[in-house]
A.B. asks: 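Encoded as structure tokens, here's the structure I'll be asking about.
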Amino acid sequence: MASPLPLPLTPTEPRSPFLSRQGSIDALQNADENAEVHGWLSQYHQLPRALQQPALVALVRSLEQSPHGHHHLPVLRNAVTLSLQRDFLATLPEEVALNILRWLDPKSLLACCMVSKTWYKLAQRDQLWHPLYKLHYSGSTLVEEVNNHSAFDTRKLSWRQLYLLKGEVHQAWLQGQPETLPPLKGHTGVITCMERAGADTVVTGSDDGNLRVWSLSRHQCLRTLSGHRSGVWCCAVEGDLVISGACDRTVRVWSISSGRCYHTLYGHTSTVRCLKMRNGIAVSGSRDHSIRIWNVADGTLVRLLQGHTQTVRCIDLDETVVVSASYDCTARIWELGTGVCRHVLQGHDGRIYSMQYDGQHVVTGSLDFSIGVWDVDTGIRKFSLRGHHSLTGLLKLQDWRLISGNADASIRVWDIRSGTCLHVLQGHQSTITGLCVQRNLLASCSDDGLVILWNLTSGTRVGNVYNAKSGSTDSTTAVWLISHTDTKLICAVGARPPTNGHSQLTVLDFAQQAYHWPHQPRRAIGAEVVEV
């Protein structure tokens, strides 16, 4: 059991000059310089070894019995403590020392930096911080974003610095105070779709018939993809490829880096409403009620799926199945390899406008105000989630957590394991138009022109980070879509319909302050980065 800390001396008691650690060191140095003490030490060393230990014990007991001897016991304790201290990491091979430190959490590693120069050097190593970065920030785009940022062109950051920088950027998100960059303009119509292509590139499609490729680091439009004869409704990105579907009933395959159109895919007889692409296979859903599966490499039709009786609004796929949802109030699960319909998910009384698929569940949002949670293997509806009062047009499924955005201006957070509603997020005044999740934060946008950040853990509002109506003379200005990287929110903004070319991307940057530190992150963030 640890000894209790000594009580403070009262003002009337004599204070020993050697009670402090430094006092003990000074006392030992003075003792070495005193001739009488030196003579006493010589006599001690002349004793037989068998008598040296009893002599020390006798000395301590005499101090306990002496009227003023107890004042010297702290000096003796400190002297013994100093003599017994050993830097065990410094005595070990470096590989062994690093293996010990590898078991520590980030906060403990930062504390190790303050122990000694040896510990500082060891605790800085990339061998320790790189695994922690991958563990806590898997899927992060920060490294790519830092490489694209002009402030770091000539600077090589360690994994410890990147870890701390990520923590500081996350704190900027939690504080909800981004820097609003100048708007990116180019589209002349409503921006109908937006997909991220890596950490630095965003692709947008518009009802002006064009797609545009934007660089976030250069803050400019790199190229315009022109070819559709009418409005673009949807797009999907994989690697350097983007596919687009439009009102001209075609699907086009483009190169993001060059802007070249590789293929124009014909077959649909009405507007292409939804698209997905995975492993070189594209799936398109149309207002002609059909689903088409395409080989992106050669632009050929692989399979035609028919069964829906109204517009196919949502589509998704993985390695084995295609999942679709339609205005006919049903969702369907199809075999990718054969085109056979495995399940028809029936139960909604209104059109389905949104869908999410994670391999185990299909989640559907409908005009009947309900959200259906379906088992993929059996096709059985596990839950019918109710609470919204209008159309659920947006869904985000993150592990067990489902987030729904509704035309009733509210957002709900659900646990799909139990079907319970965890939080109701209220703050918007109009239809929710976009949702994106950044770790434990949710960003939402609406026809009211606001972008709001929410804490998903507590269900509380972090704050408004953008207001599209501020400074605008058009009362119809709205935020149509929202996307994000590790450091930025990208908002598609404009009026309905766009007036005077008023259609733009607004980028909210949460990393500008973090990028200002010269070589080391500010020490103040050390306690924050461990909240992962």
Side-chain angles (χ1 to χ4, degrees), residues 138-140 193-196 234 236-238 274-278 283 285 312-326 330-334 336 342-343 345 347-348 351-388 391-408 410-425 432-445 453-457 459 481-484:
S138 175
S140 169
C193 54
M194 177 165 57
E195 292 289 332
R196 207 182 76 195
C234 51
V237 169
E238 184 176 58
C274 50
L275 284 171
K276 282 290 182 178
M277 179 166 52
R278 187 185 182 109
V283 183
V312 179
R313 175 61 186 262
C314 311
I315 203 82
D316 206 345
L317 80 156
D318 60 16
E319 291 82 359
T320 59
V321 303
V322 174
V323 184
S324 59
S326 169
T330 70
R332 288 177 178 252
I333 301 175
W334 313 78
L336 178 61
R342 183 190 296 177
H343 299 295
L345 311 182
H348 283 298
R351 292 179 172 185
I352 297 176
Y353 278 82
S354 56
M355 184 188 75
Q356 288 281 279
Y357 169 64
D358 67 356
Q360 295 180 311
H361 306 91
V362 176
V363 184
T364 52
S366 171
L367 189 60
D368 65 9
F369 304 174
S370 74
I371 299 169
V373 180
W374 315 80
D375 183 271
V376 170
D377 294 330
T378 64
I380 296 173
R381 184 166 62 179
K382 298 171 64 176
F383 302 107
S384 180
L385 310 180
R386 296 187 177 272
H388 284 301
L391 159 68
T392 299
L394 293 167
L395 291 170
K396 286 287 182 182
L397 186 56
Q398 184 192 46
D399 297 325
W400 52 266
R401 185 162 51 192
L402 174 69
I403 306 161
S404 58
N406 195 271
D408 65 9
S410 75
I411 301 164
R412 287 178 177 256
V413 183
W414 312 82
D415 185 339
I416 62 169
R417 298 170 299 184
S418 61
T420 56
C421 180
L422 303 176
H423 306 296
V424 179
L425 311 181
I432 308 300
T433 55
L435 299 171
C436 65
V437 179
Q438 163 73 326
R439 289 163 58 81
N440 64 327
L441 293 175
L442 170 71
S444 62
C445 61
L453 278 184
W454 311 85
N455 186 314
L456 286 174
T457 304
L481 298 165
I482 194 168
S483 184
H484 76 97

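All values derive from a computational prediction rather than experimental measurement.
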A.B. asks: Just verifying a value: how many Å separate D377 CG and H343 NE2, rounded to the nearest 0.5 Å?
C.D. replies: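 One finds 7.0 Å between CG of D377 and NE2 of H343.
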
A.B. asks: Answer yes or no: is there a side-chain heavy-atom contact under 4.5 Å between H361 and Q356?
C.D. replies: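 Answer no - side chains too far apart.
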
A.B. asks: Given 3.5 Å as the limit, does a donor-acceptor pair link the side chain of D399 with the main chain of R401, or not?
C.D. replies: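 No; zero donor-acceptor contacts below 3.5 Å.
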
A.B. asks: Which heavy-atom pair separates G365 from L395 by the least distance, and what is that distance?
C.D. replies: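 Scanning both residues, the minimum pair turns out to be N-CD1, 3.6 Å.
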
A.B. asks: Is any side-chain heavy atom of D318 less than 4.5 Å from a side-chain heavy atom of R278?
C.D. replies: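 Yes, side chains in contact.
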
A.B. asks: For N440, enumerate each residue passing the side-chain hydrogen bond (donor to acceptor under 3.5 Å, both in side chains) test, keeping only those at least two apart in sequence or located in another chain.
C.D. replies: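 Listed in chain order: nothing, the list is empty.
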
A.B. asks: Would you mind reporting whether S354 and L394 have side-chain heavy atoms less than 4.5 Å apart?
C.D. replies: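 No, every pair of side-chain atoms sits at 4.5 Å or beyond.
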
A.B. asks: Partners of D415 by salt bridge (Lys or Arg N to Asp or Glu O under 4.0 Å), sequence neighbours excluded?
C.D. replies: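 Here the qualifying residues are R417.
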
A.B. asks: Decide yes or no for L402 and L385: does some side-chain heavy atom of the first lie under 4.5 Å from some side-chain heavy atom of the second?
C.D. replies: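 Touching, per the 4.5 Å side-chain cut-off.
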
A.B. asks: Short question: side chain of H484, backbone of V437 - any donor-acceptor pair under 3.5 Å?
C.D. replies: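 Looks like yes, one N/O pair under 3.5 Å.
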
A.B. asks: So which atom in K276 and which in A236 form the shortest heavy-atom distance, rounded to 0.1 Å?
C.D. replies: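 Smallest heavy-atom distance, with atoms named: CA-CB, 4.1 Å.
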
A.B. asks: How long is the gap from OG on S444 to CD1 on I482, to the nearest 0.5 Å?
C.D. replies: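 S444 OG to I482 CD1: 7.0 Å, rounded to 0.5 Å.
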
A.B. asks: Which value, rounded to the nearest 0.5 Å, describes the distance between K382 atom NZ and I416 atom CD1?
C.D. replies: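 If I round to the nearest 0.5 Å, the distance is 6.5 Å.
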
A.B. asks: Can you find a heavy atom in the side chain of Y357 that is under 4.5 Å from one in the side chain of I333?
C.D. replies: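 Contact flag for Y357/I333 side chains = no.
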
A.B. asks: Is there a side-chain contact between I352 and R313, using heavy atoms and a 4.5 Å cut-off?
C.D. replies: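 With C-beta onward as the side chain, the pair stays apart.
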
A.B. asks: Checking Q360 now: which residues fulfil side-chain hydrogen bond (donor to acceptor under 3.5 Å, both in side chains) with it, not counting sequence neighbours?
C.D. replies: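 Scan of Q360 (side-chain hydrogen bond (donor to acceptor under 3.5 Å, both in side chains), adjacent residues dropped) gives none.
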
A.B. asks: Please name the pair of heavy atoms, one in K396 and one in C436, separated by the smallest distance, quoted to 0.1 Å.
C.D. replies: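 Closest approach of K396 to C436, heavy atoms only: CE-CA, 4.4 Å.
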
A.B. asks: Please report the interatomic distance CG(N406) to CD1(I371), rounded to the nearest 0.5 Å.
C.D. replies: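 Those atoms lie 7.5 Å apart.
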
A.B. asks: Determine the minimum heavy-atom distance between G419 and W414, stating which atoms define it.
C.D. replies: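 The pair with the smallest heavy-atom distance is O-CE3, 4.3 Å.
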
A.B. asks: Run through L441, L435, V413, L425 and flag the one making a side-chain contact (heavy atoms from CB on, under 4.5 Å) with W454.
C.D. replies: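 That would be L425; it is the only one of L441, L435, V413, L425 passing the side-chain contact (heavy atoms from CB on, under 4.5 Å) with W454.
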
A.B. asks: Please check this pair: side chain of R412 against backbone of G387, looking for a donor-acceptor N/O pair closer than 3.5 Å.
C.D. replies: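 Yes; at least one donor-acceptor contact below 3.5 Å.
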
A.B. asks: With sequence neighbours left out, what residues match Y353 under ring-ring contact (aromatic ring centres under 6.0 Å, His included)?
C.D. replies: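 Partners of Y353 by the ring-ring contact (aromatic ring centres under 6.0 Å, His included) criterion, ordered by chain and then number, come out as Y327.
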
A.B. asks: How long is the gap from CD1 on I403 to CG on L442, to the nearest 0.5 Å?
C.D. replies: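 Atom-to-atom, I403:CD1 and L442:CG are 5.0 Å apart.
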
A.B. asks: Of the non-hydrogen atoms in H348 and D368, which two are nearest, and what is the gap between them?
C.D. replies: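 Closest approach of H348 to D368, heavy atoms only: ND1-OD2, 3.1 Å.
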
A.B. asks: Who are the salt bridge (Lys or Arg N to Asp or Glu O under 4.0 Å) partners of R342, not counting sequence neighbours?
C.D. replies: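 R342 satisfies salt bridge (Lys or Arg N to Asp or Glu O under 4.0 Å) with E335 once adjacent residues are dropped.
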
A.B. asks: With heavy-atom distances below 4.5 Å as the criterion, would you say the side chains of L345 and T364 are in contact?
C.D. replies: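 With C-beta onward as the side chain, the pair stays apart.
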
A.B. asks: Test of understanding: with salt bridge (Lys or Arg N to Asp or Glu O under 4.0 Å), list the residues that count as partners of R381, not counting sequence neighbours.
C.D. replies: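 Once residues adjacent in sequence are excluded, R381 has no partner under the salt bridge (Lys or Arg N to Asp or Glu O under 4.0 Å) criterion.
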
A.B. asks: Taking C-beta and beyond as the side chain, do L336 and V321 meet within less than 4.5 Å on heavy atoms?
C.D. replies: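 No; the side chains remain at least 4.5 Å from each other.
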
A.B. asks: Step by step, work out the side-chain contact (heavy atoms from CB on, under 4.5 Å) result for T433 and L481.
C.D. replies: CA-CA 6 Å; T433 55; L481 298 165; over 6 Å; no

A.B. asks: Are any side-chain N or O atoms of S384 and backbone N or O atoms of G372, one a donor and one an acceptor, separated by less than 3.5 Å?
C.D. replies: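 Here the side-chain-to-backbone pair does not exist.
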
A.B. asks: As an exercise, state the distance from CG of D408 to NE2 of H388, rounded to the nearest 0.5 Å.
C.D. replies: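 The CG atom of D408 sits 6.0 Å away from the NE2 atom of H388.
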
A.B. asks: Determine the minimum heavy-atom distance between S410 and I432, stating which atoms define it.
C.D. replies: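 Here S410 and I432 meet closest at O-CG1, 3.7 Å.
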
